[in-house]
Structure formats: structure tokens, C-alpha cells
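Reviewing the structure listed below.
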Amino acid sequence: MLGRIAAFFSAPADAGADDLPADETRVGELIERMAVLDRDPYLHIADRSLKLLSVFDDLKYDRADGDWMSPAMRKHAIQKLAPLGFRQISGTVLENKDANVRFLIPKFHAQGASPFDITRYTAKRAQDFYLLTPTQTACQFIDNYSKDEAVARIKDMIVKHPINLYRLMDYLEKKPAHEAFADAIGHLKYVQREAVESEPLCRRRSLGSFMI
């Protein structure tokens with residue numbers, strides 16, 4: 001406590017939330033409370049280490065489908081994060097001021113943009129989370145974990161939040177991590193097909209369908 005008080009008074013007078021250190025205790029407590037989000041079928045805390053929250057998109061995809069956070073997906077996440085103290089401070093940022101934690105929604109740049117690049121232009125602090133589509137989340141696994149770990153994490157996710165495996169496959173790059181992962185696509189297609197044809201996933205509708 002004394003250390004935090006000293007840090008506060010030693011900070012520059014014009015220091016904002018970005019400059020103040022995170023309170024690790026409050027951050028930890030908030031992350032524990034976030035477990036409630038996994039009870040919502042449209043939200044999934046996909047990775048607490050990388051700090052990724054996935055928002056359910058759809059059950060089936062086409063290779064030409066775009067991959068971005070739709071207004072319905074964004075609205076649902078904002079509503080469910082509000083009871084945890086997150087308030088929207090801009091179009092792409094939700095903040096819990098007490099814990100100094102933010103959820104960032106990376107901006108979609110272009111129709112042909114790679115889902116692997118979604119976080120490239122949206123830097124976050126160590127305590128912050130990214131709010132991503134399932135496909136964008138899977139790309140983060142591939143870029144941050146070994147092949148076996150990435151495959152295991154994606155298998156765990158796609159039985160809750162299917163991903164656009166065709167789009168992912170099209171944007172794999174010619175680098176070792178991506179080339180190694182390509183061999184797993186066939187198996188993941190099988191796992192995902194079984195999941196979307198089974199309960200409870202087969203009855204789930206996309207969030208956008210509720211707006212029709």
C-alpha cells in the first residue's frame with residue numbers, strides 16, 4: 001500500500017491512466033470475476049495469459065466471408081462487460097477505471113486484411129485485453145504458441161466458438177510456425193464439423209440474426 005501511495009505522489013502531475021502503474025491485486029481480482037463471462041455462450045475468455053476475449057461469430061463460414069467485429073457482436077460484449085465495471089470511453093476502448101484495465105477492439109482496416117494482422121496497429125498494455133473474433137483469436141494462438149499448443153488451444157475453442165478455417169488457411173504465411181500449423185487444418189475441420197452438428201452448438205444463432 002505504501003509503495004502504491006509513493007508511486008502516486010512521485011508520478012508527474014499530468015499523468016493519466018496510461019501512465020499510472022496497474023494495481024496487480026485489483027487486476028487479479030477483476031480477472032477472477034471475469035470467469036462469469038464464460039457462462040455466456042457468445043463470449044469466451046480464450047486466453048488469460050495473452051488476455052484474449054473471443055466473441056461468437058457464426059457456425060459456418062465461406063472462404064470469402066469477411067472477418068470483423070460486427071455491431072451486434074460489439075454491442076453484446078459491451079453489455080456483458082458493463083456489470084464488471086467496464087465503460088465505453090471511445091468507439092474501440094472499454095475501461096474499468098478502478099483496476100486500470102481496458103478491453104481494446106482492434107480496428108478493421110480493409111476487406112482483404114489478414115486476420116493475423118488484427119492487433120498489429122493496436123498496442124495494449126500488459127494488463128489490457130483484446131476483444132476479437134474467433135478467427136482472429138486462433139491467429140493469435142498460432143503466432144504465440146508452438147504448433148502442438150496452438151492446435152490444442154484452437155481445438156478447445158472451436159467446440160465453443162467455430163472459426164473460419166478457410167480464411168485462416170488462406171492467410172498462413174511462408175514462415176516455419178505457419179507452415180508447421182498447415183498440417184493440422186484437416187483435423188481441425190473434422191473437429192469443428194462434429195461440433196457444429198452436435199448439441200448445444202447446433203442450435204446457436206449468430207448475434208446478427210437477432211437483429212433481423
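Because only heavy atoms are used, hydrogens play no part in the values below, and waters and symmetry mates are left out as well, while side chains stay in. Computed from a predicted model, the values in this text were never measured in an experiment.
- Few gaps surround NZ on K147; more than 12 heavy atoms of other groups in view lie less than 6.0 Å from it.
- Atom NZ of K80 sits in a sparse spot, with 12 or fewer heavy atoms from other residues, nucleotides or ligands closer than 6.0 Å.
- Tracing side-chain contacts under 4.5 Å through hydrophobic residues (I, L, V, M, F, W, Y), one never reaches L132 starting from L207; they form parts of separate clusters.
- Inspection of the Y145 and D47 side chains reveals an N or O donor paired with an N or O acceptor under 3.5 Å.
- Cation-pi geometry between K107 and Y121 is not met: the NZ or CZ atom fails to fall both under 6.0 Å from the ring centre and inside 45° of the normal.
- Side chain of N164 to backbone of R63: no donor-acceptor contact under 3.5 angstrom is found.
- Expressed to the nearest 0.5 Å, how far CZ of F181 lies from NZ of K175 amounts to 13.0 Å.
- Tracing side-chain contacts under 4.5 Å through hydrophobic residues (I, L, V, M, F, W, Y), one reaches L53 starting from V36; they form part of the same cluster.
- Within a 6.0 Å radius of CZ in R120, no more than 12 heavy atoms belonging to other residues, nucleotides or ligands are found.
- Cluster annotation: L168 is not connected to Y61 through the hydrophobic network of ILVMFWY side chains, with a link wherever side-chain heavy atoms come within less than 4.5 Å.
- Using a 4.0 Å cut-off between charged nitrogen and carboxylate oxygen, R153 and E149 count as a salt-bridge pair.
- With hydrogens and angles disregarded, a donor-acceptor distance shorter than 3.5 Å links the side chain of R74 to the backbone of G91.
- Under the 30°/60° scheme for interplanar angles, the aromatic rings of F116 and H178 are found to be tilted.
- R87 places a side-chain N or O within donor-acceptor distance of the main-chain N or O of A82, the cut-off being under 3.5 Å.
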- request: Just do the side chain to side chain contact (heavy atoms under 4.5 Å, CB included) check on T25 and E29 with the steps written out, would you?
  value: CA-CA 6 Å; T25 299; E29 291 173 349; 3.7 Å; yes

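- Side chain of D117 to main chain of S114: no donor-acceptor pair is present (N/O by atom type, distance under 3.5 Å, no hydrogens or angles).
- Side-chain contact check for L131 versus M73: every heavy-atom pair is 4.5 Å or farther apart.
- Under the 4.5 Å side-chain heavy-atom criterion for Ile, Leu, Val, Met, Phe, Trp and Tyr, I158 and F56 are members of distinct hydrophobic clusters.
- Checking side-chain atoms of D58 against main-chain N and O of S206 turns up no donor-acceptor pair under 3.5 Å.
- Side-chain N or O atoms of D40 include none that pairs as donor or acceptor with a backbone N or O of L37 at under 3.5 Å.
- Side-chain heavy atoms closer than 4.5 Å link hydrophobic residues (I, L, V, M, F, W, Y) into clusters, and following such links, even through other members, never connects Y130 to L30.
- Taken to the nearest 0.5 Å, the CD atom of Q140 stands 8.5 Å off from the CD atom of Q136.
- Counted within 6.0 Å of OH on Y171, heavy atoms from surrounding residues, nucleotides or ligands total more than 12; the atom is thus considered enclosed.
- Once rounded to the nearest 0.5 Å, the distance linking CZ of F103 with CD1 of I89 reads 13.0 Å.
- N100 contributes no side-chain N or O that, together with a main-chain N or O of D23, makes up a donor-acceptor pair within less than 3.5 Å.
- With a 6.0 Å radius and a threshold of 12 heavy atoms from other residues, nucleotides or ligands, K189 has its NZ atom above the threshold.
- How far CG of L52 is from CG of N144: 8.0 Å, rounded to the nearest 0.5 Å.
- The side chain to side chain contact (heavy atoms under 4.5 Å, CB included) check on Q88 picks up I78, L94, with sequence neighbours excluded.
- R204 contributes no side-chain N or O that, together with a main-chain N or O of L59, makes up a donor-acceptor pair within less than 3.5 Å.
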